[in-house]
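Quick note: residue numbers are just sequence positions, from 1. Atoms within a ligand are numbered from 1 in the order they appear, just like the ligands themselves. Any value given below was found using the heavy atoms of this structure, including those in side chains, with hydrogens, waters and symmetry copies removed.
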Amino acid sequence: MSLISADDRSWLRQLLGARVRFDEPMRRHTTFRIGGPADAYAMVAGLDELGLLVKGANQRGLPWTAVGNGSNLLVRDGGVRGIVINLGPYMRTVVVGADEPAGTVTVKAQAGLALPALCRLALANGWDGMNFALGIPGNVGGAIYMNAGSAGGCMAEVVHEVTLLDRQAQRLTMAAGNIAWDYRRAPWPEDSIIVEGTFKLQMTNKENLKRAARQWVLARKRRQPAAASAGCFFKNPSPQTPAGRLIEQAGLKGKCIGQAEISCEHANFILNRGGASADDVLALKRLIETTVAERFGVELEPEVVILGEERHA
Ligand code: EPU
């Protein structure tokens, strides 16, 4: 049942106008195309508004959860109680400045900027550093939060500073060097929302950079399926034991439950073949975890963030 009262609704409407939706299916906001309703789905237009939203929700005792663009997210079929906050459509400003040493560029990007847009900007200007992120569909905030990356690198290697809003809506800027980044995560203060990232990139030869980018994108396309998914589902236990290889060797490629399928192209992708439920995906997740544990004694850990509650009978 929705936690949003009639009074909460009118407060949210007053604050956000048409940028709040109620009982909004999260399948519209995830690359998996899966997910039950969020009680309220809020798209904030700026930092001040985000602060007012967080403070107001805290005062009203309403839970809130910030999401990126839903590309690394599985929302359960019962949906998410309280307010889901998205910085995506509006908070996308980019400020660029030259820096020391010569040839260094500082790019300050708001969290809602799509990572592919940042990669395109870097390519168009010959700024080296972002090619590892080509093909990662997240936005800047979500990608920093998750320390998103690929075999070519990760956010921790290019981020210089991170600005976040803490639970009390206070702004806090952290130097990247003081953050204990880890593989696909970092220890952010609880309930913080990343609002801005500053990147340090290097001026380089534009044509060489574009050539390398084309090769990278092609290689990635060859290896990864195009159907709806949340990317790699599990973290690699180590660079030498990629989860995809373990799942393939366990004989699980092509296995289906409901409309969810373990990709035949890349076994660490669970695909939504059209109309899959989160329950279907979670059943495949359990099958993978138990089979890989039995066969290889390895406990896989999801990379995908799992949110929300199960559907009530
Ligand atoms: N492999 C198999 N079977 C499979 C899939 C992979 O044997 O079904 C083997 C490959 O042959 C290769 C090894 O596993 O030897 C690694 O595979 P791949 O190069 O595809 O990379 P990955 O480790 O599976 C990582 C990231 C991807 C990123 C790629 C490319 C993780 C969990 N995954 O995948 O990121 O796109 O490198 O750089 O770190 C994501 O984060 O959502 C994601 C897709």
Requested in this report: Take Glu248 and Lys253 through the salt bridge (charged side-chain N to carboxylate O under 4.0 Å, His left out) test and state the conclusion after the steps.
Outcome: CA-CA 6 Å; Glu248 175 170 349; Lys253 269 189 167 177; 3.0 Å; yes
Query raised in the report: Which atoms from ligand 1 have a heavy atom of Phe234 less than 4.0 Å away?
Result: 32 (C)
Requested in this report: Please determine if Gly231 has a nitrogen or oxygen closer than 3.5 Å to a nitrogen or oxygen of ligand 1.
Outcome: no
**Report entry** Distance-only N or O hit between ligand 1 and Cys232, under 3.5 Å
**Finding:** yes
Query raised in the report: Quick one: do Val84 and Leu87 end up in the same hydrophobic cluster if we chain Ile, Leu, Val, Met, Phe, Trp and Tyr together by side-chain heavy atoms under 4.5 Å apart?
Result: no
Query raised in the report: Quick one: does Asn72 get an N or O within less than 3.5 Å of an N or O on ligand 1?
Result: no
Query raised in the report: Can you find an N or O of Glu303 that's nearer than 3.5 Å to an N or O of ligand 1?
Result: yes
Query raised in the report: Which heavy atom in Ala230 sits nearest to a heavy atom in Thr31, and how many Å separate them?
Result: CA-OG1, 4.0 Å
Query raised in the report: At a non-hydrogen distance cut-off of under 4.0 Å, which region of Phe269 contacts ligand 1 (side chain, backbone, both, or neither)?
Result: side chain
Query raised in the report: So which of Lys253, Arg222, Arg245 gets nearest to atom 7 (O) of ligand 1, if we judge by its closest heavy atom?
Result: Arg245
**Report entry** Non-hydrogen side-chain atoms of Leu52 and Leu50 separated by less than 4.5 Å
**Finding:** no
Report task. Please confirm whether Gly152 comes within less than 3.5 Å of ligand 1 when only nitrogen or oxygen atoms on both sides are compared. Result -> no
Query - Lys235 N/O to ligand 1 N/O under 3.5 Å - result: no
Report summary line: Counting from 1 in the order shown, the ligand 1 atoms closer than 4.0 Å to a non-hydrogen atom of Trp216 are 38 (O)
Report task. Carefully, step by step, assess Glu161 and Thr173 under the rule side-chain hydrogen bond (donor to acceptor under 3.5 Å, both in side chains). Result -> CA-CA 7 Å; Glu161 245 175 31; Thr173 296; 5.5 Å; no
Report summary line: Nearest non-hydrogen protein atom to atom 37 (O) of ligand 1, with distance, is Ala151 N, 3.8 Å
**Report entry** Nearest-option assignment for atom 29 (C) of ligand 1, heavy atoms, candidates Gln224, His266, Gln249
**Finding:** Gln224
Query raised in the report: Would you call Ile144 and Trp188 a side-chain contact if the rule is heavy atoms closer than 4.5 Å?
Result: yes
Query - Minimum non-hydrogen distance to atom 14 (O) of ligand 1, winning option of Pro242, Ala148, Ser263 - result: Pro242
Report task. Check side-chain hydrogen bond (donor to acceptor under 3.5 Å, both in side chains) between Arg21 and all other residues, then give those that pass, not counting sequence neighbours. Result -> Glu24
Requested in this report: Report whether Leu307 and Phe32 are members of the same hydrophobic cluster (ILVMFWY, side-chain heavy atoms less than 4.5 Å apart, transitive linking).
Outcome: no
Report task. Could you tell me which atoms of ligand 1, counted from 1 in the order shown, lie closer than 4.0 angstrom to a heavy atom of Ala267? Result -> 4 (C), 8 (O)
Query - Residue pair Val298 / Leu246, side-chain heavy-atom distance below 4.5 Å - result: yes
Report summary line: Going by the 4.0 angstrom heavy-atom rule, the piece of Ser150 near ligand 1 is both
Query raised in the report: Does the ring centre of His160 sit less than 6.0 Å away from the ring centre of Phe199?
Result: no
Query raised in the report: For atom 41 (O) of ligand 1, is the nearest protein heavy atom closer than 4.0 Å?
Result: yes
Requested in this report: Within a distance under 4.0 Å of any heavy atom of Glu248, pick out the atoms of ligand 1 and give their elements.
Outcome: 2 (C), 3 (N), 4 (C), 7 (O), 8 (O)
Query raised in the report: Side chain, backbone, both or neither: which part of Tyr183 has a heavy atom under 4.0 Å from ligand 1?
Result: side chain
Query raised in the report: If you measure from CG on Leu282 to CD on Glu289, what distance do you get to the nearest 0.5 Å?
Result: 9.0 Å
Query raised in the report: Does atom 10 (C) of ligand 1 have any protein heavy atom closer than 4.0 Å?
Result: no
Query - Hphob cluster co-occupancy, Leu73 + Val140, side-chain heavy atoms under 4.5 angstrom - result: yes
Query raised in the report: In terms of residue, atom name and distance, what is the protein heavy atom nearest to atom 25 (C) of ligand 1?
Result: Asn236 ND2, 4.4 Å
Requested in this report: Using distance alone, determine whether Glu265 and ligand 1 share an N or O pair under 3.5 Å.
Outcome: no
Query raised in the report: Identify the closest protein heavy atom to atom 18 (P) of ligand 1: which residue and atom is it, and at what distance?
Result: Arg223 NE, 3.7 Å
Query raised in the report: Just wondering, do Ile4 and Leu12 contact through their side chains at under 4.5 Å, heavy atoms?
Result: yes
